[in-house]
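Please read the structure below before turning to the comments.
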Amino acid sequence: MPVIEYIDAIRLAMKEEMERDPSVFVLGEDVGLKGGVFGTTKGLQQQFGEDRVLDTPLAESVIAGAAIGAAMAGMKPIAEMQYSDFMFPATNQIISEAAKIRYRSNNDWDCPLVIRAPIGGGIFGGPYHSQCPESVFFGTPGLKIVAPATAYDAKGLLKAAIRDPDPVLFFENKKCYRLITDEVPDDDYVVPIGKSKVMREGTDITVIGYSMPLHFAMQAADELSREEGVEAHILDLRTLQPLDREGILEAAAKTGKVLIVHEDNKTGGIGAEVSAIIAEELLYDLDAPIRRLCGPDVPAMPINSPGEKHFLLNKDKLKAAMLELARY
Amino acid sequence: MPVIEYIDAIRLAMKEEMERDPSVFVLGEDVGLKGGVFGTTKGLQQQFGEDRVLDTPLAESVIAGAAIGAAMAGMKPIAEMQYSDFMFPATNQIISEAAKIRYRSNNDWDCPLVIRAPIGGGIFGGPYHSQCPESVFFGTPGLKIVAPATAYDAKGLLKAAIRDPDPVLFFENKKCYRLITDEVPDDDYVVPIGKSKVMREGTDITVIGYSMPLHFAMQAADELSREEGVEAHILDLRTLQPLDREGILEAAAKTGKVLIVHEDNKTGGIGAEVSAIIAEELLYDLDAPIRRLCGPDVPAMPINSPGEKHFLLNKDKLKAAMLELARY
Amino acid sequence: MTQTGTVRHTHRHAELGISDDKAVAMYETMTLARGYDERVQLLQRAGKINFHVSGISQEPSQVAMTFAMDRETDWFLPYYRDYGVVLSVGMTVKELMLSVYAKVEDPNSAGRQMPGHFGSKRLRIVTGSSPVTTQVPHAVGFALAAKMRGERSVSIVSFGEGSSSQGDFHEGCNFAGVLKLPVIFICQNNQYAISVPFSKQSAGRIADRAIGYGFPGYRVDGNDPLEVYRVVKEARDRAVAGEGPTLIEIMTYRVNPHSTSDNDMAYRTKEEVDEHKKKDAIPVFRQYLKDVGLWSDAQEAELQVRQRAILDEATEYAEKAPFQSAEDSHRYVYAEDNAITRVETGSESVGVVSAGKGD
Amino acid sequence: MTQTGTVRHTHRHAELGISDDKAVAMYETMTLARGYDERVQLLQRAGKINFHVSGISQEPSQVAMTFAMDRETDWFLPYYRDYGVVLSVGMTVKELMLSVYAKVEDPNSAGRQMPGHFGSKRLRIVTGSSPVTTQVPHAVGFALAAKMRGERSVSIVSFGEGSSSQGDFHEGCNFAGVLKLPVIFICQNNQYAISVPFSKQSAGRIADRAIGYGFPGYRVDGNDPLEVYRVVKEARDRAVAGEGPTLIEIMTYRVNPHSTSDNDMAYRTKEEVDEHKKKDAIPVFRQYLKDVGLWSDAQEAELQVRQRAILDEATEYAEKAPFQSAEDSHRYVYAEDNAITRVETGSESVGVVSAGKGD
Ligand SMILES: Cc1ncc(C[n+]2csc(CCOP(=O)(O)OP(=O)(O)O)c2C)c(N)n1
Ligand SMILES: Cc1ncc(C[n+]2csc(CCOP(=O)(O)OP(=O)(O)O)c2C)c(N)n1
Ligand SMILES: [Mg+2]
Ligand SMILES: [Mg+2]
């Protein structure tokens, strides 16, 4: 199986779905000739033409809103938000419209839309090119939210999102784009929305998370296994909404010690809900308080290099927290 | 002490602060001659003139954005969002701007802004005049969020919000406006932001919540006390951000059985964070799983009368959940 | 290119290509919208229903603009006062009544949404919401889809002049202008946004904004439905010819309070309102039809009886009709054929229901 | 009212009320902005710093518009290419260098924000962010505050033509138009928004949008700084006279890639860029100063030496300057005199820090 970059997995998913279904199209800022500011849509306009890979004016609300209209009309738009930090102007269209179209029309209308947005820091992006906006949209029923950590999942989840009959927010991690490579089959497959995945089997502690920090957890787990004999069980949520309750509870029950990790700031993040689900259903199976290791509760990470490093999770931070939990 | 309505408490807070400080002013849709669609700003334009009680064009992003500018210029704006459902067009201004101005400028600039927005259902408002948007803004560091349940707190918290050096979202409950009356002193007082309040002392179960559902909890608690000898300890968070961790932990520890209630839908709501805080710090003091009784996870409540009733919390739903927890 | 004055002895409607039958149908739709509106106001005052938002005085132009469209191929994105639009497209009074009573048979939302929040895929009426102006980008998206698929379909979207202050108005118009999309933007300028008069809403003319977007903008008298028809028809012709969008500002006046919850005497005078009531276009249009020999007092009497019967029957039906069950009110958060995301239903335990609790 | 041609033998700058010293200062500020920009590009290529966004070709108009304002009373809301603005207002090259190196002494953000995100209360430069166009409503708010307090202060705000597609542009202009606020909206139309050419950004002229808001809009050649000065000065005069806002579209061209991360050859040709490079306003303005006897080759040589020294010193200083400490980077989420909301600091345990964990 070919090993490819996370960013290529995303592009391939779009390419293949566009080949498969003429109603799929891409719109956003700089997605055309330039191929996106990260290169995610590179080559698509050349292959599919200007109509299906549309450079839009710089206006996220109408990018989302026109995509919503086109989706209601039966198209399958993929709207790119250049950075997730810049999707907030589209909040009203996403929360008031996309999320509620099926419900408010009692299933008469639907909105099969994908909104792709790059999240995460570590690229010297500073406060406004590094954010994780998941928690703003999480908890809005009617939206689905996915956030893959691997190239395999990125491709499979994006295909699932494009084929999904409901609006899906696809949060791709900028830091993963070129850093994460893994085996991705050439043939068509989808990763089902709503299903978590065990990345590593273990017996001592459970780490639950999504996106980039899981790779730190995996590295830390390897070292902890070698150095301390601590075996971490690692669960990739993959889908943030709807959360895979069974998957979460199973993983938590496996070890009775849970560490939840995400780069988004701690308060009000996805981790709070994961913790609450466990506290609600599994309290008596726990051998330690439920911990969260997340970005700090400041508005956004600074751009200066030591500041950025200080704010981001990394293998060492994960390892320390995991070891502490194992020893609890 | 005079007993006044919740809505009057809000108006009085604005009136008194405007008398006290010439830099305080109100802006929003229909706040002037009409006095607001709920009558919250009634009489203010007559007293303070068109300049200080400003009817704006129908555009929430610039209502928030111009208020932010004026706040940076040293004014103390109170921006009214007609319904909290309609504040989403202002999300970018609130999350990207108001919340981050102090941080991004390293304390050079600040943004002493209040955004008032009515939340909650039960007024036959249907999907878009009934929502609780707290969870969208909760978890954005840099914002403070308050949500009073009583007239006393409404007045005291609004005054605190107006005097606060940082942006405060003031979520007032529509259903409380005329239904909730309580004693409010004539003289000047503030309720500190960040401090919860014990509404009722009890020993058997702890109910933690905010806004309207607490009144159902109080009614239910009275009945449970009389009928079942169950004594509920009830904590009003009052401030949603920053959450009063000590207050929450103290209240939870008091009984070891926690029910969290809010009208906002369950997943990703404030209750998740409250639960996570308890699960993180107090796990071994719990005698029951942490429960949440919240609005259902649908996009928004229907307008038809049985549907609305079905979706809203009420005394009976609270009572049943509280009794079940007490018997756990 | 203008044909004004070239066909002297033809009547105005015929000049515009409106058949006699169509002219009469337009009139009957106007009076039906008016009758519906008045009836619902009575029902609200009688405490039968909670809430009504009136379109009175705006129906003539609403009907005219809709009749100028192709009701088989075009997409309609009305706003909450657009009874004239949806009745023209084919929604029935019974359906509207079901909506105002919030009953499950309401095709717009099964009684989930407020009345005036229209939607019917069958009738090509796009589901609408309460936050104003969000429908403008949607209309642009429908036009984009039509263009991409090579369909001769035009989308037409209404909004008030207050709503035109929203960013979505600007973003939608600008986007459509660049791509020359087949969409018609209709601003129904009824002089008020709740209590805020137009003078406090904008210092310019809404129609003039089109200049900045590079497409034509027209201001037209809403009390002249034939002129409204002409301008919209022309806009539609341009749209299908690939010439792009048009912005049309229909000058009208909201003679009723904003809604049944509003007391308009707090911010305007009875004199001002009465002044505008006198300009009502319905009697003028009736007189026109009489003048050209298409209408008579006898027909008017028959119409009144016929439409009253429709209203009576619809009211009775809607009043008796059932609500959506509490159980079903949990449905359709997500598509139901998608098992993973089906939402728990049928639970008495509000709050324990959680979206996406899979299986 | 126009004085064109009435004072034949006066030089253009004098006609506009610009003193000789001020004209020279304008020139020196332009070259300083240019020199700074070129230096930072070198630093970026040398790997000394990460990122730069260039304002080259836009500085002459930026300097001109700023010199037309009152730097003691007015409020400045620049965008990320506005080195010409902030240098005119009094920010030093050293301060800019500290920002590009993201060092703690950077007055804009203590090295928290990207370079080009200006802010200095002392200099009346309002803190800016990355999401484009949010500053437009802020400028309106500053103007509102000035009007409410009866101050003779005008706010001036810049944004690109791409940014003018955002809803905030529209909402801000419309709001300011209604209230006749003292604000000047400056669209620096440099023909590209990253890779998107103006033809795909808008089908109209940005300046024409003012018509719809009921205030004047002008398009002006950015390579003619004296004309820019004139138009902005006039707008400022109108603003302080209570006559409301002005929209000014400065026609310019972004000769460099969007940023140091961009490869512009993916979407435009070298020929196109070279064509525009030829129109550079700096040599033209220098020649003008020479023609009117205010400048010489000797002065030019002296200036180059002087400004190179400034740049050298600033670079050296900034390179050596310290970063903000990890501990301090947690500060100022909320006001610190407000004990309740102080955020935990000084913790190595990222993620255990939680906003609002009191005391
Ligand atoms: C985004 C948003 N803000 C506020 C409201 C509340 N609201 C409902 S209708 C209305 C006035 C609309 O005025 P206009 O657009 O002129 O339409 P009209 O009602 O006059 O027909 C307002 C402020 C809303 N529905 N949506
Ligand atoms: C809301 C938002 N969306 C997207 C971006 C990413 N972005 C940064 S600059 C830019 C182009 C801006 O073009 P223009 O306004 O013409 O200014 P210019 O860079 O040409 O000076 C884009 C798309 C952003 N900063 N903010
Ligand atoms: Mg109106
Ligand atoms: Mg540009």
Side-chain angles (χ1 to χ4, degrees), chain B residues 22-23 25 27 51-52 54-57 59-75 77 89 92-93 95-97 99-112 139-144 164-166 192-195 239 241-247 277, chain D residues 75 77 104 106-113 117 119-122 126-131 134-149 153 155 167-168 170-172 174-176 178-179 181 324 328 331-338 340-341 343 354-359:
Chain B
S23 62
F25 72 103
L27 74 169
D51 255 23
R52 289 184 68 196
L54 195 69
D55 277 323
T56 64
E60 287 76 9
S61 187
V62 72
I63 293 173
I68 289 168
M72 285 197 278
M75 301 295 290
N92 190 41
Q93 284 289 348
I95 292 185
S96 300
E97 300 298 321
K100 297 181 172 61
I101 280 168
R102 186 185 297 279
Y103 186 80
R104 77 180 183 219
S105 69
N106 200 49
N107 211 32
D108 190 27
W109 288 93
D110 54 15
C111 185
T140 295
L143 296 179
K144 297 181 185 180
D164 198 275
D166 287 302
I193 293 177
K195 290 279 164 230
T239 293
Q241 188 163 296
L243 278 171
D244 180 3
R245 294 174 72 96
E246 284 76 36
I277 289 172
Chain D
W75 292 107
L77 294 95
V104 65
D106 158 31
N108 299 285
S109 76
R112 290 175 170 192
Q113 289 220 75
H117 289 54
S120 165
K121 204 169 207 171
R122 181 177 51 89
V126 179
T127 174
S129 64
S130 308
T134 50
Q135 71 274 26
V136 170
H138 301 174
V140 173
F142 274 87
L144 179 64
K147 193 186 172 195
M148 289 173 71
R149 294 191 293 224
S153 158
S155 63
D168 270 358
H170 170 68
E171 296 194 11
N174 185 58
F175 189 107
V178 171
L179 291 164
L181 298 180
Q324 185 164 57
D328 282 350
R331 294 179 71 179
Y332 310 130
V333 178
Y334 300 102
E336 292 206 342
D337 44 7
N338 197 327
I340 291 169
T341 55
V343 172
S354 105
K357 181 167 173 189
D359 49 55

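So that the names make sense, note that chain A is the first sequence line, chain B the second, and so on, each numbered from 1.
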Winner by heavy-atom pair count (cut-off under 4.5 Å) against chain D, out of B:I68, B:N92, B:I277, B:N106: B:N106
I'd like to verify something: which residue of B:P57, B:S23, B:S105, B:S61 has the highest number of heavy-atom pairs under 4.5 Å with chain D? B:S61
Less than 4.5 Å to any heavy atom of chain D: does that hold for the side chain of B:L143, its backbone, both, or neither? backbone
Given the options B:L27, B:I101, B:L54, B:T239, which has more heavy-atom pairs under 4.5 Å with chain D than any of the others? B:L54
Taking side chain as everything from C-beta outward and backbone as N, CA, C, O, which of these in D:L179 sits under 4.5 Å from a heavy atom of chain B? Side chain, backbone, both or neither. side chain
Sequence neighbours excluded - side chain to side chain donor-acceptor pair (under 3.5 Å) pairs with any residue from residues 135-144 of chain D: B:Q93-D:H138
Contact leader toward chain B among D:G172, D:S109, D:P107, where contacts are heavy-atom pairs under 4.5 Å: D:S109
Could you tell me how the ring of D:W75 sits relative to the ring of D:F142: parallel (under 30°), tilted (30 to 60°) or perpendicular (over 60°)? tilted
Quick one: what part of D:V126 sits under 4.5 Å from any heavy atom of chain B, side chain, backbone, both or neither? both
Would you please name every residue forming a side-chain contact (heavy atoms from CB on, under 4.5 Å) with D:S129, sequence neighbours left out? A:Y128, B:E97, B:R104, D:P131, D:T134
May I ask you to establish whether D:R112 and B:Y103 are in a cation-pi arrangement, using a distance under 6.0 Å from NZ or CZ to the six-membered ring centre and at most 45° from the ring axis? yes
Straight-line distance of D:L181 CG to D:K147 NZ, nearest 0.5 Å: 5.5 Å
